[in-house]
Amino acid sequence: MDGCAAAHHLLVAHGLAVKEIRHLAADMQRYLTLGMSLNFTSIQPTQANNDNDIELAHLLDMRLHRFFIEPFMCGNYPVDLLLHFGACGIERRIQDGALALICMPIDTLGVNYYRGYNVKVKGKNQPLYCDMSKQHEVVKRDCEPSTMVWEVCPNDCEDMLAHLHNNSLKKAEIPIVITKNGAAFDDYPDTNDFVDDRTTRLAYIRDHLVVVSNALAKGVDIRR
């Protein structure tokens with residue numbers, strides 16, 4: 001319950017900040033490009049034909065992404081989210097005018113992206129409640145991990161961008177800006193203090209630039 005309330009009030013604070021900045025900019029006869037950066041990942045069911053895994057991936061996407069992006073893009077919380085969090089009492093936290101504040105118009109969506117992962121439900125036919133931390137596990141794939149043991153799979157980034165474009169941003173029609181991206185790798189300098197990271201960090205950047213280019217070619221509006 002406290003987490004839901006904190007997230008809601010964070011969104012309200014964002015709306016208040018946008019409103020105040022717009023007001024100050026108008027006084028100075030200036031237009032400022034404003035946006036909001038959120039963390040995104042690609043969450044996929046381990047078994048595409050397993051209803052429990054599919055529901056789990058949907059609920060995690062709702063909790064981690066749609067909880068934040070849809071109120072300030074669409075002016076309301078998703079109906080399935082309100083049903084899922086009914087026991088947490090989130091609707092009691094929504095005061096009159098709060099959703100209108102949250103969806104104050106912005107110009108760009110900042111995307112922080114590092115990794116994707118596959119998930120599956122622990123056990124069989126378990127109901128998925130508000131606290132799903134003990135009810136799911138991340139399944140390792142055949143991907144090279146970073147030093148932080150985060151899987152490096154660039155195609156996940158392309159899937160995430162396409163998902164955003166085709167769903168949460170479909171009505172908003174605002175561009176995406178990649179605000180954070182990268183991976184942690186150990187550095188081992190040679191005798192000349194040179195670090196050869198062509199197969200690690202540089203490869204990560206190169207491969208993710210390729211999939212961003214692919215997303216652009218498919219119509220995803222990504223700016224710099």
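FYI, the numbering just counts along the sequence from 1.
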Taking all atoms of both residues into account, what is the closest heavy-atom pair of Ala98 and Ile94, and its distance? CB-CG2, 4.4 Å

Which residue pairs pass the side chain to side chain donor-acceptor pair (under 3.5 Å) test when at least one of the two sits in residues 94-106, sequence neighbours left out? none

Is the backbone of Ile176 close enough, under 3.5 Å, to the side chain of Thr108 for a donor and an acceptor to pair up by distance? no

Got a sec, which hydrophobics cluster with Tyr31, joining ILVMFWY side chains under 4.5 Å apart, including via others? none

Going by ring pair (Phe, Tyr, Trp, His ring centres under 6.0 Å), name the residues that satisfy it together with His14, two or more places apart in sequence or in a different chain. Phe72

Atom NZ in Lys180, atom CD1 in Ile178: separation rounded to 0.5 Å? 13.5 Å

Any chance the side chains of Ser42 and Asp159 put a donor and an acceptor closer than 3.5 Å? no

Taking only residues two or more places apart in sequence or in another chain, which ones pass ring pair (Phe, Tyr, Trp, His ring centres under 6.0 Å) with His8? Tyr77

Just jot down the side chain to side chain donor-acceptor pair (under 3.5 Å) partners of His58, sequence neighbours excluded, or say none. Asp80

Tell me whether Leu101 is reachable from Ile21 by hopping between hydrophobic residues (I, L, V, M, F, W, Y) whose side-chain heavy atoms are closer than 4.5 Å. yes

Enumerate the residue pairs fulfilling salt bridge (charged side-chain N to carboxylate O under 4.0 Å, His left out) with a member in residues 3-27, sequence neighbours excluded, ordered by first and then second residue. Arg22-Asp107

How does the hydrophobic cluster around Met148 look, that is, which other residues are in it when side-chain heavy atoms under 4.5 Å mark a link? Tyr114, Trp150

N/O donor to acceptor pairs below 3.5 angstrom from side-chain atoms of residues 208-219, sequence neighbours left out:
residue : atom : partner : partner atom : Å
His208  : ND1  : Tyr204  : O            : 2.8
Asn214  : ND2  : Glu158  : OE1          : 3.4
Lys218  : NZ   : Glu158  : OE2          : 2.6

In short, salt bridge (charged side-chain N to carboxylate O under 4.0 Å, His left out) pairs touching residues 147-156 with sequence neighbours left out are Arg141-Glu151, Arg141-Asp156

Under the 3.5 angstrom rule, does the side chain of Asn50 hit a backbone N or O of Asn52 as a donor-acceptor pair? yes

Verify same cluster id: Val177, Leu38 (apolar side-chain graph, 4.5 Å): no

Under 3.5 Å donor-acceptor, Thr147 side chain and Asp186 backbone: yes

With sequence neighbours left out, the residues meeting side chain to side chain donor-acceptor pair (under 3.5 Å) with Asp196 are Arg198

To check you understand the geometry: which heavy-atom pair defines the closest contact between Ile106 and Gly35, and what is its length? CB-CA, 4.2 Å

With no hydrogens and no angle check, is any side-chain donor or acceptor of Asn166 less than 3.5 Å from a backbone partner on Ala162? yes

Separation between NE2 of His65 and OG1 of Thr41, rounded to the nearest 0.5 Å: 5.5 Å

Distance check, rounded to the nearest 0.5 Å: Leu109 atom CG versus Ser168 atom OG? 9.0 Å

What is the minimum heavy-atom distance between Ala184 and Ser146, and which atoms define it? O-CB, 3.3 Å

The single option from Leu169, Leu11, Asn167 passing side-chain contact (heavy atoms from CB on, under 4.5 Å) against Ile69: Leu169

Can you list the steps and then say if Asp53 with Thr46 is a side chain to side chain donor-acceptor pair (under 3.5 Å)? CA-CA 7 Å; Asp53 289 357; Thr46 297; 4.7 Å; no

Got Val111 and Leu164 here, is their nearest side-chain heavy-atom distance under 4.5 Å? yes

Between Leu81 and Phe67, is there a side-chain heavy-atom distance shorter than 4.5 Å? yes

Rounded to the nearest 0.5 Å, what separates atom NZ in Lys120 from atom CD in Gln47? 7.5 Å

According to salt bridge (charged side-chain N to carboxylate O under 4.0 Å, His left out), does anything in residues 199-217 pair up with another residue at least two apart or in another chain? List the pairs. Asp187-Arg201, Asp197-Arg201

pair Tyr188-Val195: side-chain heavy atoms closer than 4.5 Å: no

With side chains defined as the heavy atoms from C-beta onward, is the minimum distance between Arg66 and Asp61 less than 4.5 Å? yes

Under the side chain to side chain donor-acceptor pair (under 3.5 Å) test, which residues partner Arg115, sequence neighbours left out? none

So how far is it from Gln44 CD to Leu60 CG, rounded to the nearest 0.5 Å? 11.5 Å

Considering only heavy atoms from C-beta outward, does the side chain of Asn118 approach that of Val138 to under 4.5 Å? no

